[in-house]
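Only one structure is covered here, and it is reproduced in the block below.
In listed order, ligands and their atoms are each counted from 1. Scope of the values below: all heavy atoms of this structure, side chains included, with no hydrogens, waters or symmetry mates. For clarity, every value in this text was computed on a predicted model and none was experimentally measured.
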Amino acid sequence: MKASEVITVPAEPYPFEFTLGTVALLIIDMQRDFLEPGGFGEMLGNDVSKLRNTIAPNQKLLAMWRHKGLPVLHTREGHRPDLGCLPPAKKARGRSPTSIGDHGPMGRILVRGEAGHDIIPELYPVFGEAVIDKPGKGAFYSTDLHAIMQNRGIQQLVVTGVTTEVCVNTTVREANDRGYDCLVPEDCVGSYFPELHEAGLKMIKAQGGIFGWVSHSKHVLAALQ
Ligand code: TIU
């Protein structure tokens, strides 16, 4: 496959096209605190198994991306240890007795450098893969993701990770406003809430692909074989 070859993936609302020279895999917030039993997500009463179903398909996609030598970008949601980048409104919201910055099951919750903030071992970044620390839900807000993409000539993103309706959806919307095309493989994104997962995917592909495209990892893998 040449860098300029156009690859077509069956998707909704219509096939998604990209070239190897301009596409990246963007894996959103596959962090221990969201996915591991005993982490912050479970502590809040969520069933983490719904998110853990996304690990195996993400591993396959990541392996293909690495095999092809294509760019991989990872994000982590979290804050400086002094919480300087944590908006008081974000800290207060939820009214949980334990919140961001407090001591949780795997260190201080969503604080950079803590065990729970790090990416799960199954999808751990390797040398050369950018890790973007983001204070918000979207991966573009207050990060250098846009600059990295411009510098590397990236125009299309395959976006995976958690959660479908929160950080994945926000990031796809931000990417859309910056002129990027996004494909979301539905089996590689997950939510604690099945109905919000479904709605999150529908919102992306509705109205002729108002924010992007939705497909399945098997179609992306087959197109790259
Ligand atoms: N990564 C991400 O989606 N952060 C969240 O807080 N998600 C929830 O669904 N809570």
Per the side chain to side chain donor-acceptor pair (under 3.5 Å) rule, what does the pair list look like for residues 31-43, sequence neighbours excluded? Arg32-Glu36
Report yes if the distance between the aromatic ring centroids of Phe40 and His117 is under 6.0 Å, otherwise no. no
I need the full list of side chain to side chain donor-acceptor pair (under 3.5 Å) pairs touching residues 61-70, with sequence neighbours left out, sorted by first then second residue. Arg66-Glu129
Ring pair (Phe, Tyr, Trp, His ring centres under 6.0 Å) filter on His103, not counting sequence neighbours, yields none
Check: every ligand 1 N/O to protein N/O pair under 3.5 Å:
from: ligand 1; atom 1: 1 (N); to: Asp29; atom 2: OD2; distance (Å): 2.7
from: ligand 1; atom 1: 1 (N); to: Val162; atom 2: O; distance (Å): 3.1
from: ligand 1; atom 1: 3 (O); to: Thr163; atom 2: N; distance (Å): 2.9
from: ligand 1; atom 1: 3 (O); to: Thr163; atom 2: OG1; distance (Å): 3.2
from: ligand 1; atom 1: 3 (O); to: Cys167; atom 2: N; distance (Å): 3.2
from: ligand 1; atom 1: 4 (N); to: Glu77; atom 2: OE1; distance (Å): 2.8
from: ligand 1; atom 1: 6 (O); to: Lys137; atom 2: NZ; distance (Å): 3.2
from: ligand 1; atom 1: 9 (O); to: Thr163; atom 2: OG1; distance (Å): 2.9

Heavy-atom distance under 4.5 Å between the side chains of Lys137 and Cys167, does that happen here? yes
Shared hydrophobic cluster for Leu26 and Leu62 (ILVMFWY, side-chain gaps under 4.5 Å): no
